[in-house]
There are 2 protein chains.
Amino acid sequence: MTTVLIVDDEPQILRALQINLHAHGYTVVPSPNGKAALLAAQTHAIDVVVLDLGLPDMDGLEVIAGLRGWTDVPIIVLSARHGSHDKVEALDAGADDYVTKPFGLDELLARLRAASRRAGTNTAEPLVETAEFTVDLANKRVTRAGEPVRMTPTEWSVLELLVRNPGRLVSQQQILTEVWGPAYAKEAHYLRVYMAQLRRKLERDPANPVHLLTEAGMGYRFAQ
Amino acid sequence: MTTVLIVDDEPQILRALQINLHAHGYTVVPSPNGKAALLAAQTHAIDVVVLDLGLPDMDGLEVIAGLRGWTDVPIIVLSARHGSHDKVEALDAGADDYVTKPFGLDELLARLRAASRRAGTNTAEPLVETAEFTVDLANKRVTRAGEPVRMTPTEWSVLELLVRNPGRLVSQQQILTEVWGPAYAKEAHYLRVYMAQLRRKLERDPANPVHLLTEAGMGYRFAQ
DNA sequence: CGCCGTTTTTACGCCTTCTTAACGCGTCCC
DNA sequence: GGGACGCGTTAAGAAGGCGTAAAAACGGCG
């Protein structure tokens with residue numbers, strides 16, 4: 001019952017891997033680009049990632065960095081480049097293994113087994129901590145003074161987006177489109193309601209927030 | 001300070017690796033053959049093993065097996081053979097990585113870093129206990145107050161998925177796709193029925209669950 | 001062919017969450 | 001100085017999610 005996230009922009013390769021891995025008992029989550037991959041990694045319980053470096057939308061190293069920001073899931077990189085420099089870069093970015101194309105299916109399967117074997121049960125905890133509260137991104141859990149704080153789906157989506165961009169300004173439009181969808185890009189209204197709720201749950205003095213900051217006219221910012 | 005056990009029968013390679021790795025901050029334990037390697041692994045606190053497969057006294061796979069009998073230390077295999085079959089054999093015997101000669105020193109260093117990085121977190125637990133019940137994942141058994149509790153296949157699948165992710169929020173979509181299949185991702189209905197059944201069997205007060213928790217709109221969570 | 005355990009439907013009442021509205025405060029610009 | 005605008009806060013109705021029980025459909029096995 002191992003779930004593999006496969007990231008490759010070539011549909012026929014994606015499809016071939018999907019069929020073959022499924023035939024070998026893996027659950028496969030396919031993803032054609034980097035953005036979808038990062039999203040899928042959050043919505044599914046991924047055990048291993050198979051990542052092709054040549055993606056259309058973003059650099060493969062960015063995908064590795066995006067994953068490594070919050071999870072220790074094994075990453076097996078596929079690449080057509082044999083250069084030693086590329087391998088070093090990928091491995092140092094956080095990849096666990098590097099396979100050069102063309103490769104045999106049996107080799108990939110063996111490396112998958114090796115990766116998932118040593119991963120075992122994923123218990124590493126990627127935590128984002130502040131003086132006031134702690135956000136566990138992998139487990140979708142928020143604690144404050146040791147006590148768990150319950151978040152509604154929308155509250156969590158907003159908080160997660162901010163926490164995944166610590167210190168960075170996130171525009172209202174971006175939050176609205178990512179949480180509510182592109183059609184809601186103008187409903188800045190919702191944001192005020194939810195920021196107030198988040199502050200009431202997480203800030204010591206909700207009227208004078210320290211971690212969930214408003215940048216008037218610009219957006220919001222999470223400060224650690 | 002990472003200690004690397006290097007096993008290679010060619011003195012000049014052994015020596016070259018020893019010098020280079022030492023220059024990069026590693027403590028090196030050299031070993032010219034398999035027997036000496038197995039001995040050294042027991043007398044030194046080894047963090048990573050670099051193993052050449054072509055040894056004079058014993059098969060490289062035997063060395064891997066000899067190490068895997070008692071330790072999970074990462075093993076990086078060096079080999080001149082490019083054949084896919086050899087890779088599969090070594091990886092399945094318990095190796096973590098496979099590098100074909102000739103290789104660049106920087107690649108080996110990167111793979112060393114990757115191996116020792118992930119070495120920190122692993123170990124599996126087949127028995128999950130709570131104050132109320134015990135789940136034996138390996139034997140698919142649930143006991144409560146010493147008495148075995150009978151589970152239907154579907155009940156077990158749901159329980160297993162939750163218990164394998166202790167403390168982690170599991171979305172209902174994920175449970176549905178993994179237990180019933182992707183076509184049932186929207187049938188959140190089933191889940192309510194089965195969560196109720198699991199609680200009736202496992203919780204002291206099914207109406208106020210302590211271990212099988214609902215996160216409204218988000219999913220379910222198993223709390224130990 | 002009929003029984004029995006399991007899964008899937010169905011129905012209903014309760015509760016959480018989302019959405020919307022209203023109002024007060026502060027700030028910026030004219 | 002005044003108006004417009006953006007923001008924070010609260011409250012309440014609407015909509016949908018959840019728990020529960022029980023009946024119907026299914027499937028394996030004798």
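Every chain is numbered from 1, with letters handed out A, B, ... down the list of sequences. What you are looking at is a predicted structure, and each value in this text was computed from that prediction instead of being measured. Only this structure's heavy atoms are used, side chains among them; waters, hydrogens and symmetry mates stay out.
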So does A:Arg68 pair up with A:Asp96, basic N to acidic O under 4.0 Å?
-> yes
Minimal heavy-atom distance between A:Pro166 and A:Gln224, with the atoms involved, is CB-OE1, 4.2 Å
Under a 4.0 Å heavy-atom cutoff, the residues of residues 199-207 of chain A touching DNA chain D are A:Arg199, A:Arg200, A:Pro206, A:Ala207
When rounded to whole Å, the CG to C1' distance for the pair A:Leu191 and C:dT19 reads 14 Å
Hey, could you give me each pair passing ring-ring contact (aromatic ring centres under 6.0 Å, His included) that has a residue in residues 205-224 of chain A? Not counting sequence neighbours.
-> A:Phe133-A:His211
Is the shortest heavy-atom distance from the side chain of B:Leu67 to the side chain of B:Leu51 under 4.5 Å?
-> no
Should the pair A:Arg199-A:Asp205 be classified as a salt bridge under the 4.0 Å nitrogen-to-oxygen rule?
-> no
Whole-Å distance separating the CE atom of A:Met195 from the C1' atom of C:dT19 = 18 Å
Give the table of side-chain donor-acceptor pairs shorter than 3.5 Å for residues 6-15 of chain A, with sequence neighbours excluded, one pair per line with atom names and distance.
from: A:Asp8; atom 1: OD1; to: A:Glu10; atom 2: N; distance (Å): 3.0

With sequence neighbours excluded, give me every ring-ring contact (aromatic ring centres under 6.0 Å, His included) pair touching residues 153-176 of chain A.
-> none
Using nucleotides 2-8 of chain C, report all nitrogen or oxygen pairs with the protein that are shorter than 3.5 Å.
from: C:dT6; atom 1: OP1; to: B:Arg150; atom 2: NH2; distance (Å): 2.7
from: C:dT7; atom 1: OP1; to: B:Thr154; atom 2: N; distance (Å): 2.9
from: C:dT7; atom 1: OP1; to: B:Thr154; atom 2: OG1; distance (Å): 2.4
from: C:dT7; atom 1: OP2; to: B:Thr152; atom 2: OG1; distance (Å): 2.6
from: C:dT7; atom 1: OP2; to: B:Tyr194; atom 2: OH; distance (Å): 3.2
from: C:dT7; atom 1: O5'; to: B:Thr154; atom 2: OG1; distance (Å): 3.4
from: C:dT7; atom 1: O5'; to: B:Tyr194; atom 2: OH; distance (Å): 3.1
from: C:dT8; atom 1: OP2; to: B:Trp180; atom 2: NE1; distance (Å): 2.7

Beyond-backbone contact of A:Leu198 with A:Glu203, side-chain heavy atoms, under 4.5 angstrom = no
N-O pairing of A:Asp57 and A:Lys35 below 4.0 Å | no
Below 4.0 angstrom, N of the basic side chain to O of the carboxylate: do A:Lys201 and A:Glu155 qualify?
-> yes
Give A:Gln172 one of three labels, base, sugar-phosphate or nothing, depending on what nucleic acid heavy atoms sit under 4.0 Å from its own.
-> sugar-phosphate
To the nearest Å, give me how far apart CD (A:Glu187) and P (C:dA21) are.
-> 10 Å
Which pair of heavy atoms, one from B:Ala185 and one from B:Gln173, lies closest together, and at what distance?
-> CB-CG, 4.1 Å
Taking any atom under 4.0 angstrom from a heavy atom of chain A, which nucleotides of DNA chain D are the first and last to qualify, 5' to 3'?
-> D:dG6 to D:dT10
Along DNA chain C (nearest heavy atom to each residue), the more 5'-positioned of B:Gly217 and A:His189 = B:Gly217
